[in-house]
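Order of appearance sets the numbers: ligands from 1, and atoms from 1 within every ligand. Remember, it's a predicted structure, so these values are computed and weren't measured experimentally. Residue numbers run from 1 in the order of the sequence given.
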Amino acid sequence: MIQTVGIIGAGTMGNGIAQVCAAAGLSVVMVDISDAAVNRGLSTVGGSLERLVKKEKMTAADREATLKRITGTTDRAKLSDCDLVIEAATENEELKVKILKDLCATLSPRTLVATNTSSISITKLAAATDRPDRFIGMHFFNPVPVMALLELIRGLQTSDDTHAKALDFAKRVGKVAITAKNSPGFAVNRILCPMINEAIFALQEGIATAEEIDAGMKLGCNHPIGPLALADLVGLDTML
Ligand code: CAA
């Protein structure tokens, strides 16, 4: 059973994952490369929990207890005894391979490792680790505290036991899991990214203004935000 979760990266995805894990009662170690990045991540979680307190969805005492369950650090060695470590660093294959290689050298052999990549092959990343059978894709969605989905992606080597533990973990942190094959864009981005690209092409061709394209998809298709606003939310660098 997963009780302690390590997270590599305190950015948008990392701090969101830290928040949902801690709110679900898990102990979290959130690592980034500088104190400034760690503190930014912790302060984002603090602000996000405060919003829940203001809306009376969480008590002030629960906010404090949730924050206490998150340790922010620049010392990756503190992850060594976690039950699960989720890599949520920048979306860059070379960087992720390096992080995973370095990480595995310091981890207990029983630790499961996951990546929050939205596009890089899970089979390829698994091969960079010393535990490809205990490695899985855990694709969270932005903003993590709000989006209900956790897309699990099995690499060729991912064991049934690892998949079962990931399904349990999803339930524990209040997410609904779907499982996709390791294929470009997995299930969700394979569909979402071409739609966002089409919105960008429509803008480029002058079919309509950005505001009209977004309003069209919101009002005509009931999307919560338009595809161009969504590209900004995800980050144009990540989209690229
Ligand atoms: N933390 C906690 N709660 C948050 C939050 C955050 N960061 N951001 C918004 N919320 C909550 C608000 O408190 C609010 O809660 P209530 O309904 O209880 O009042 C609710 O979410 C709605 O927020 P707002 O009223 O501020 O604004 P909104 O109605 O415009 O919603 C949104 C904002 C939730 C982002 C909404 O526009 C939305 O769902 N957009 C689509 C998001 C989406 O598609 N995400 C997936 C991106 S793709 C991805 O992540 C994967 C990838 O690999 C590319």
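Within the listing of ligand 1, atoms 1 (N), 2 (C) sit less than 4.0 angstrom from a heavy atom of Pro145. Each of the atoms 47 (C), 48 (S), 54 (C) of ligand 1 lies under 4.0 Å from some heavy atom of Val234. Heavy-atom contacts of Ser118 reach the following atoms of ligand 1: 53 (O) (cutoff under 4.0 Å). Within ligand 1, counting atoms from 1 as listed, the ones closer than 4.0 Å to a heavy atom of Leu192 are 48 (S).
With a 4.0 Å heavy-atom cut-off, ligand 1 is reached by no atom of Val188. Residue Leu230 touches ligand 1 through its side chain alone, judged by heavy-atom distances below 4.0 Å. Contacts between His223 and ligand 1, counted as non-hydrogen atom pairs separated by less than 4.0 Å, are absent for every part of the residue. Of all the heavy atoms of Leu52, none lies under 4.0 Å from any atom of ligand 1, so neither backbone nor side chain is involved. Counting heavy atoms closer than 4.0 Å to ligand 1, residue Asn142 contributes atoms from both its backbone and its side chain.
Contact annotation for atom 33 (C) of ligand 1: protein absent (non-hydrogen atoms, distance under 4.0 Å). Checking atom 44 (O) of ligand 1 against the protein gives a heavy-atom contact under 4.0 Å. Less than 4.0 angstrom separates atom 24 (P) of ligand 1 from none of the non-hydrogen atoms of the protein. For atom 7 (N) of ligand 1, the nearest protein heavy atom lies under 4.0 Å away. The presence of a protein heavy atom under 4.0 Å from atom 49 (C) of ligand 1 is confirmed. Within a 4.0 Å radius of atom 15 (O) of ligand 1, the protein contributes one or more non-hydrogen atoms.
A salt bridge is absent between Arg134 and Asp161: the closest approach of a Lys/Arg side-chain nitrogen to an acidic carboxylate oxygen does not fall below 4.0 angstrom. A salt bridge between Arg110 and Asp81 is present, with a side-chain N of the basic residue lying under 4.0 Å from a carboxylate O of the acidic one. Ion pairing of Lys98 with Asp102 is present here, as a side-chain N (NZ or NE/NH1/NH2) and a carboxylate O approach within less than 4.0 Å. One finds no salt bridge joining Asp160 and Lys165 here, because no Lys/Arg side-chain nitrogen approaches an Asp/Glu carboxylate oxygen to under 4.0 Å.
Considering Glu91, Glu93, Glu87 in turn, Glu91 is the only one that fulfils the side-chain hydrogen bond (donor to acceptor under 3.5 Å, both in side chains) rule with Thr117. The only member of Leu103, Ile136, Leu125 that meets side chain to side chain contact (heavy atoms under 4.5 Å, CB included) when paired with Val113 is Leu103.
Gly9 and Met30 make their closest contact through O-CG, 4.0 Å (heavy atoms, listed as atom of the first residue, atom of the second, distance). Minimum heavy-atom separation, Gln3 to Arg172: OE1-NH1, 3.7 Å. Nearest heavy atom pair, residue Pro194 against residue Ile191, reads CD-O, 3.4 Å. The two residues Ala187 and Glu151 have their closest heavy-atom pair at N-OE2, 2.7 Å.
In this structure, the protein non-hydrogen atom closest to atom 26 (O) of ligand 1 is Arg51 NH1, 4.6 Å. In terms of protein heavy-atom proximity, atom 1 (N) of ligand 1 is closest to Ser48 OG, 3.0 Å. Among all protein heavy atoms, the one lying closest to atom 51 (C) of ligand 1 is Phe141 CD2, 3.3 Å. Summary of contacts: the protein heavy atom closest to atom 21 (O) of ligand 1 is Val146 CG2, 3.6 Å. For atom 19 (O) of ligand 1, the closest non-hydrogen atom of the protein is Lys55 NZ, 2.7 Å. Among protein heavy atoms, the minimum distance from atom 30 (O) of ligand 1 is reached at Ile225 CG2, 4.7 Å.
The distance from atom CE of Met239 to atom CG of Leu233, rounded to the nearest 0.5 Å, is 11.0 Å.
The 12-atom threshold is not exceeded at CG of Asn222, counting heavy atoms of other residues, nucleotides or ligands nearer than 6.0 Å.
Ranked by closest heavy atom to atom 17 (O) of ligand 1, the top entry among Met239, Met147, Lys57, His139 is Lys57.
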